[in-house]
2 protein chains.
Amino acid sequence: MNETKNDLTGRNEAEEVSKEVTDKYSLRGRVFNRIREDILSGKYAENEELKEVSIGNELGVSRTPVREALRQLELEGLVNIIPNKGAYVHGISQKDIHDIYVIRSYLEGLAARWACERITDEEIENLEENVYIANFHIGKKHYETIVELDSQFHETIYKASGSKILEHQLSTYHHYVERIRKISLGREERAKKANEEHAAILEAIKGRNGDLAEKLAHEHIISTIANLNKQGL
Amino acid sequence: MNETKNDLTGRNEAEEVSKEVTDKYSLRGRVFNRIREDILSGKYAENEELKEVSIGNELGVSRTPVREALRQLELEGLVNIIPNKGAYVHGISQKDIHDIYVIRSYLEGLAARWACERITDEEIENLEENVYIANFHIGKKHYETIVELDSQFHETIYKASGSKILEHQLSTYHHYVERIRKISLGREERAKKANEEHAAILEAIKGRNGDLAEKLAHEHIISTIANLNKQGL
DNA sequence: GCAAGTATCATTGTATACAATAATGCACAT
DNA sequence: ATGTGCATTATTGTATACAATGATACTTGC
């Protein structure tokens, strides 16, 4: 009865993984990721009502997983729920994205500072490899890979900060602006500069220079914001 | 069959309001707040399994609202959910609390800076009244009220920052450490100092001095951390 | 005695049924 | 024509039923 390509009951969808919802194979997890992506990608209009049955039908599942997903999205702030009334899209605006970058500029700095104290040798090697390989792919203009490596670089530092709280928060923000990051790193000039900045941050962390690492990581995000402005975002 | 004092189906429980879950009158909302409080207050042991039926029975509701609440708590990081297995308490540790304060020290600074640009006259009056009244209650040792006023002072600045994202994040953290804040402000010396710091931050905001406001708000939290350390927390 | 396999039970995952609430539209009075 | 009230419908809120999964304990063969 429901054999569209949207059906989530099969195992054939290569859904993007969300760090927040560990349960990537449950219906709820997939519905959550799906709606989230659809909101972040702008498929839904702002304030559009998200009806449980409609979405359920569209995705080939019952109301239950949809409800749970919507409730979680409410907590993430991507959905507004008015009791006994409905769930409404509350996507992130241009201003929200800007705010997130500014917030990140502080928190990435803090993560780099903490990483200086707690990073493991393995993680350092990880970062060195990342910078080295990224350099190769930038030359080859492999933009998909570049974005992926950029994600990994930052995620590694989040983890190395040794703070679950900070890691969790930065991961969430990082995902929020994924769409923007793809655009930003799509310019070779920016990708190159970003990787140089990564290298500098890595050196500061290796040298266990907390002040410098914080400053460089902070400036790395500020530099990203400047680039976004240049691109008219 | 279920007429214990824990029953949430009645309207007689004065549940604490959570800013995140707007639906304070739905069963889910109340179950959410209840479990959250119980985790934050330490009623549950770390890694304790939270079984849907048990909690449902305890609270006099079915599994459905409990499930939804647990899924939300997972997103908040207070509960670990292992698919097909169970939900486990993942309370916040001493280190988490410390991390939150450090993170807050940056974000409160940012909020104060942004507030300088966007705060309304009404909000300024609000803050002035807050500081003035707090001074009175500190003299009277009305600690409940002092904590409440402290919350309001900070929440007002969060709102005045004009950033939904930042407001949301700071509110969440603020609630996380509520238990600690009660202890901290329970010392007259600290309550007095905190209010003086509030007054200074307010003056900086009124003077639209972003750099100073950020610095003072940042230091206000650092000063709180120092006090916590002094109290052996 | 012990390990592997299996049956049983407990628990979660999903779907659906029923209840409560809010929205809609129509009839009717003014 | 307009607004009020009621009936109808749509939608969410909650409970429960059923399915699937994982845990447990027992049995059986060695």
Rounded distance (Å) that lies between atom [atom2] of [N] and atom [atom1] of [X]:
{"X": "B:Asn57", "N": "D:dT14", "atom1": "CG", "atom2": "C1'", "answer": "15 Å"}
{"X": "A:Leu59", "N": "C:dA15", "atom1": "CG", "atom2": "C1'", "answer": "15 Å"}
{"X": "B:Ile81", "N": "D:dT21", "atom1": "CD1", "atom2": "C1'", "answer": "16 Å"}
{"X": "B:Glu68", "N": "D:dA15", "atom1": "CD", "atom2": "C1'", "answer": "12 Å"}

query: Got a sec: does the CG of A:Asp121 have more than 12 other heavy atoms crowding it under 6.0 Å?
result: no

Heavy atoms of A:Tyr176 and A:Leu40 approach each other most closely as O-CD2, 4.2 Å

All N/O contacts under 3.5 Å from nucleotides 9-12 of chain C to the protein, with atom names and distances to one decimal?
| residue | atom | partner | partner atom | Å |
| --- | --- | --- | --- | --- |
| C:dT11 | OP1 | B:Lys51 | NZ | 2.7 |
| C:dT12 | OP2 | B:Glu52 | N | 3.4 |

Between the side chains of A:Lys43 and A:Glu58, is the shortest nitrogen-to-carboxylate-oxygen separation below 4.0 Å, so that they form an ion pair?
yes

N-O pairing of A:Lys159 and A:Glu123 below 4.0 Å:
no

Notebook entry, point to check: According to the interplanar angle, ranging from 0 to 90°, do the rings of A:Phe153 and A:His198 count as parallel (below 30°), tilted (30 to 60°) or perpendicular (above 60°)?
Noted result: parallel

*asked:* Angle between ring planes, A:Tyr158 versus A:His154, binned at 30° and 60°: parallel, tilted or perpendicular?
replied: tilted

Using a cut-off of strictly less than 4.0 Å, decide whether B:Thr64 has a side-chain nitrogen or oxygen near OP1 or OP2 of D:dT14. no

